[in-house]
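Report on the structure given below.
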Amino acid sequence: MKKIFVLSLLLLTPLCALALDKEALVNTDEPQWKDFAPVAYKDVKEPKGLAKFNDVIGYWYKRRVEFDKGIETCREIENAEDKTACYKELKVKQYQKNADYNARIEAMERQKMNPQQMQDPTSNMYPLGGIIDTFTKFQPSELR
């Protein structure tokens, strides 16, 4: 009896391991939120209190909610190839959103570093500046 138990245990163990590995292979394609979010917003929760007024927290919370909905949609797909394609599409969307977010941040930082140059007040004066500029454009170069 003891030998049969040990023998069955030896035969079933590799089969269980194969079944677990197959499940693990299916889930390796599933993207994780931590791969797309900054470390500070990895565990972002719904903003409450004064945090409601923080646009950055609100932005990352909305992205997290959309990401979770996308994951749930992909999990509902039964065909492995379609599920993998859904995960890849979700990854591409998240990478694109990250690129857009980083571009906006860089643009805001550049704008802070280089404030708009003061313009020549004569070119801004309306109507005198506009009339003078328009009038001189159509004059021969000898008169300018």
Side-chain angles (χ1 to χ4, degrees), residues 5-144:
F5 177 73
V6 171
L7 184 61
S8 64
L9 186 63
L10 288 175
L11 291 176
L12 290 177
T13 303
L15 293 175
C16 292
L18 288 175
L20 290 175
D21 287 342
K22 189 175 182 181
E23 184 68 29
L25 288 175
V26 171
N27 288 333
T28 56
D29 292 338
E30 185 174 293
Q32 301 295 316
W33 173 246
K34 66 181 180 178
D35 297 336
F36 305 107
V39 175
Y41 303 105
K42 184 174 62 169
D43 297 323
V44 69
K45 294 183 172 101
E46 184 177 6
K48 296 179 181 177
L50 292 177
K52 286 183 182 179
F53 301 110
N54 188 333
D55 292 336
V56 178
I57 293 174
Y59 170 80
W60 286 105
Y61 176 71
K62 288 177 187 173
R63 286 253 327 250
R64 174 77 188 256
V65 169
E66 290 174 9
F67 178 80
D68 289 341
K69 286 180 183 176
I71 289 291
E72 290 302 319
T73 302
C74 292
R75 284 180 183 165
E76 292 173 359
I77 298 173
E78 293 186 20
N79 185 356
E81 291 176 8
D82 293 341
K83 186 180 280 194
T84 303
C86 181
Y87 287 145
K88 285 183 182 179
E89 183 180 338
L90 186 62
K91 285 180 185 178
V92 168
K93 286 180 183 178
Q94 292 302 318
Y95 285 129
Q96 183 61 44
K97 287 182 179 184
N98 281 355
D100 294 344
Y101 179 78
N102 291 334
R104 280 189 311 213
I105 296 298
E106 288 176 14
M108 289 187 331
E109 288 177 1
R110 273 191 306 243
Q111 188 176 18
K112 287 179 186 176
M113 296 293 284
N114 300 322
Q116 277 188 336
Q117 303 274 332
M118 296 231 0
Q119 295 179 356
D120 181 21
T122 58
S123 66
N124 286 353
M125 292 174 48
Y126 184 79
L128 186 59
I131 292 172
I132 292 173
D133 287 341
T134 306
F135 182 74
T136 57
K137 287 180 186 173
F138 299 107
Q139 294 295 320
S141 59
E142 299 91 34
L143 298 176
R144 282 193 235 170

For this session: Inspect the surroundings of CD in Glu78 and state if more than 12 heavy atoms from other residues, nucleotides or ligands are less than 6.0 Å away.
Result: no

Problem set entry | Salt bridge Glu72-Arg75, side-chain N to carboxylate O under 4.0 Å | yes

For this session: Measure the spacing between CZ of Arg104 and CD of Glu109 and express it to the nearest 0.5 Å.
Result: 13.0 Å

Problem set entry | Glu106 side, atom CD; Met108 side, atom CE - distance, nearest 0.5 Å | 11.0 Å

Exercise. If you measure only the distance, is there a donor-acceptor pair under 3.5 Å linking the side chains of Asn98 and Gln94?
Worked result: no

For this session: Could you tell me whether Arg64 and Asp68 make a salt bridge, using a distance below 4.0 angstrom between a side-chain N and a carboxylate O?
Result: yes

Seminar exercise, completed: dist Asp35:CG -> Lys42:NZ (nearest 0.5 Å) comes out at 10.5 Å

For this session: Report the distance from atom CZ of Arg63 to atom OH of Tyr41, rounding to the nearest 0.5 Å.
Result: 12.5 Å

Exercise. Is atom NZ of Lys93 surrounded by more than 12 heavy atoms (other residues, nucleotides or ligands) closer than 6.0 Å?
Worked result: no

Problem set entry | Min side-chain heavy-atom separation Lys88-Val92 under 4.5 Å | no

Exercise. Which word best sums up how the rings of Trp33 and Phe67 line up, parallel for under 30°, tilted for 30 to 60°, or perpendicular for over 60°?
Worked result: tilted

For this session: Please examine the side chains of Ile71 and Tyr87, heavy atoms only from C-beta on, and report whether any two atoms are closer than 4.5 Å.
Result: yes

Exercise. Considering all heavy atoms of both residues, which atom of Pro31 and which atom of Phe36 are nearest to each other, and what is their separation?
Worked result: CB-CE1, 3.8 Å

For this session: Mind listing the closest non-hydrogen atom pair of Pro47 and Gly58 along with its distance?
Result: CG-CA, 4.3 Å

Exercise. Hey, what do you get for CG (Leu90) to CG (Asp29), rounding to the nearest 0.5 Å?
Worked result: 12.0 Å

Problem set entry | Residue pair Tyr59 / Val44, side-chain heavy-atom distance below 4.5 Å | no

Exercise. Just how far is it from atom CD of Glu89 to atom CG of Asp82, taken to the nearest 0.5 Å?
Worked result: 11.0 Å

